[in-house]
Amino acid sequence: MRPPADKVTPISGFPELLPAERLAELHFLDTIREVFELHGFAPLETRAVEPVERLLGKGGDAEKEIYGVSRLAGDDSGRDAALGLHFDLTVPFARYVLEHAGRLQFPFRRYQIQKVWRGERPQEGRFREFTQADIDVVDVGELAPHLEAEMPLVIAEAFRRLPVGEFRIQVNNRQVPEGFYLGIGLTDVAGTLRIVDKLDKIGPEKVAALLVEAGATPEQARLALALADIRSSDLSFVDEVRALGVSHPTLDAGLEALAAVITVGMQRAPGTLVADLRIARGLDYYTGTVYETQLVGSEDWGSVCSGGRYDSLASDGRTTYPGVGISIGLTRLVHLLVTKRGLTASRSTPAAVLVAVVDEESRTRSDAVAAALRSRGVPCEVAPTAAKFGKQIRYADRRGIPYVWFPGAGESGQDQVKDIRSGEQADADATTWDCPAADLRPTLLTSQG
RNA sequence: GUGGGUGUAGCUCAGCUGGUAGAGCAUCGCGUUGUGGUCGCGAGGGCCGCGGGUUCAAGUCCCGUCACUCACCCCA
């Protein structure tokens, strides 16, 4: 049954914000973009669709997550038949690199901030349409290991400029658990990772039981859990792993790579990167280093920024372009801060000034004031009606606009501007008045943290 | 895809063993005829998600359906 056409209802997983919240999100966007550009990442946007074939096979059960695109009235036998909306920005980027390799300079650094779509069941902080802010570096043939440390440090720099509170970027290398599992005789690496990953939710006893159920011996389960328990913000994790007495060449390679990343992190941003041998998630094209980011005190929100190294995602069969990248889940981050920590903007409009209108005959005078203010960079709007001044002030108050401008209100007919928070009103000239810098743009507010 | 919960005013919700729809907030108006916020008074606003059934009578009970939501799966 279809509801009446004039009944509007939200669509689950397709979030929409109110203006003040959107202003807060834009502040995040601007800040993130500025930091990305400070680090020399080139801007890039890719089309929203990719051939379904390319999206598939890049992730385990990506298929059920992909939204197909079709024309309502079309028979889909034509050339558009197999298009799907991208579910992340890394797979399209890999395709872009292959397509434009001849015109790019390597190593190629780019940032990309776009909507992505995933056909999953929405929950708190999980959406079907959301924005990711992504940085990646790809090179030809070989990729310098220091880039694996750089990616999360760029994110850390952006986060430090935003009201997200304390955060931790957890780093692991998939070769560590892989080599470790193989070293103790567990050959189903992916399956084991999936079970161990439930540790936070169901606890060690149940994880051990599941591992045994999946064919591991109790001793293998014990060792897998012991590995998952290791974390450190320095290099002590290496000795802790060694102490478990397992050896395998893949494990050695993973430990070395992870130690290198943590070493750089310790030098450049002490305490920010944490080696955590439990984390292993993310899309399954990752082959080495992987990242997850949690806000301290809000770990139950899940990761707000993840990524990793992928060695074979971009390959034309002859040349391979290994890459590493990390992606901020902007929609999740902002949505959770808005709903859980009261993040919002100080007003619901960019306007710092409402220019009052005395009567409709003098509206052009108000328009001229507004034009003068705008020419000097002061965002403003003119009152929609020449209502009583009380109403015009209330119009500004409701929107959080701090100043109301009264043309010709002074004793000798000069303009006046009123700060409606303090009630102070003084003579002013639109061609010289300085809007206090703190009031020029909406500022961010949080109720806590 | 699997399992649970919930659908009543713009928002948050109340509505008992069935008896013709309520509160707070928000909005608008007036008190206050061109300087707001407080206070007082008043007004507007409801296919009680949709369809069917039981009944003299359904917001209330039953069935179906859709939507939202939580958990699983997966993930930002």
| query | What is the distance, rounded to the nearest whole Å, between atom CD of A:Q294 and atom C1' of B:A76? | reply | 12 Å
| task | Using whole Å, report how far CD of A:Q112 lies from P of B:A76. | result | 16 Å
| message | How long is the straight-line distance from CD of A:E129 back to NZ of A:K115, given to the nearest 0.5 Å? | response | 4.5 Å
| query | If you look at every strand shown and take non-hydrogen atoms under 4.0 Å, does A:V116 touch a base, only sugar-phosphate, or nothing? | reply | nothing
| Spacing between A:R394 atom CZ and B:A26 atom P, to the nearest angstrom | 11 Å
| said: Between B:G1 and B:C61, how many Å separate the two C1' atoms, rounded to a whole number? | reply: 32 Å
| said: In whole Å, I'd like the distance from the CG atom of A:D197 to the P atom of B:C73. | reply: 9 Å
| task | May I ask you to check if A:R399 and A:Y395 form a cation-pi contact, with NZ or CZ under 6.0 angstrom from the six-membered ring centre and within 45° of the axis? | result | yes
| message | When the C1' atoms of B:G45 and B:A21 are compared, how many Å lie between them, rounded to an integer? | response | 13 Å
| message | Suppose you measure atom P in B:C66 against the same atom in B:G10; what distance do you get, rounded to whole Å? | response | 25 Å
| Salt-bridge criterion met for A:R160 and A:E157 (N-O under 4.0 Å) | no
| task | Grab the CD-C1' distance between A:Q123 and B:G1 for me, whole Å please. | result | 14 Å
| task | Could you check whether A:R194 gets within reach of a base, just the sugar-phosphate, or nothing at all, counting any heavy atom under 4.0 Å? | result | sugar-phosphate
| query | Under 3.5 Å, is there an N or O donor on one side and an acceptor on the other linking the side chain of A:R126 and the base of B:C74? | reply | yes
| said: Can you check the distance between B:C41 and B:U8, where both ends of the measurement are the P atom (answer in whole Å)? | reply: 30 Å
| task | Please work out if A:G302 contacts a base, only the sugar-phosphate, or nothing of the nucleic acid, heavy-atom cut-off 4.0 Å. | result | nothing
| message | Whole angstroms only, please: what is the CD-C1' distance between A:E424 and B:U35? | response | 15 Å
| message | Tell me if the side-chain of A:Q425 makes a donor-acceptor pair with the base of B:U35, cut-off 3.5 Å, by modelled atom types. | response | yes
| query | Which parts of residues 396-404 of chain A get close to RNA chain B, meaning a heavy atom less than 4.0 angstrom away? | reply | A:D397, A:R398
| request: Tell me whether A:F130 is stacked on the nucleobase of B:A76, counting only the six-membered base ring and applying the 5.5 Å and 30° thresholds. | output: yes
| Roughly how far apart, to the nearest Å, are B:C56 and B:G24 at atom C1'? | 37 Å
| field | Nucleotide forming a Watson-Crick or wobble pair with B:G64, both distances under 3.5 Å | value | B:C50
| message | What is the distance, to the nearest angstrom, from the OH atom on A:Y395 to the C1' atom on B:C28? | response | 16 Å
| request: Rounded off to whole Å, could you give me the NZ-to-P distance for the A:K388 and B:G31 pair? | output: 7 Å
| request: State whether A:S12 places a side-chain N or O below 4.0 Å from either non-bridging phosphate oxygen (OP1 or OP2) of B:U69. | output: yes
| request: Measure from NZ or CZ of A:R110 to the centre of the six-membered ring of A:F93, then state whether that distance is under 6.0 Å and the direction lies within 45° of the axis. | output: yes
| message | At less than 3.5 Å, do the side-chain atoms of A:E124 and the base atoms of B:A71 form a donor-acceptor pair? | response | no
| task | Quick one: label A:Q132 by what it contacts on the DNA or RNA (base, sugar-phosphate, nothing), any heavy atom closer than 4.0 Å. | result | sugar-phosphate
| field | Base-pairing mate for B:C72 - Watson-Crick or G-U, with both contacts under 3.5 Å | value | B:G1
| message | At less than 4.0 Å, is any side-chain N or O atom of A:K391 found next to OP1 or OP2 of B:G29? Yes or no. | response | yes
| Approximate separation, where rounding is to 0.5 Å, of A:I113 CD1 and A:T131 OG1 | 9.0 Å
| query | If you look at every strand shown and take non-hydrogen atoms under 4.0 Å, does A:L333 touch a base, only sugar-phosphate, or nothing? | reply | nothing
| request: Select from A:I393 and A:R118 the residue whose nearest nucleotide in RNA chain B is closer to the 5' end of that strand. | output: A:I393
| How would you label the contact of A:V334 with the nucleic acid (heavy atoms, under 4.0 Å): base, sugar-phosphate, or nothing? | nothing
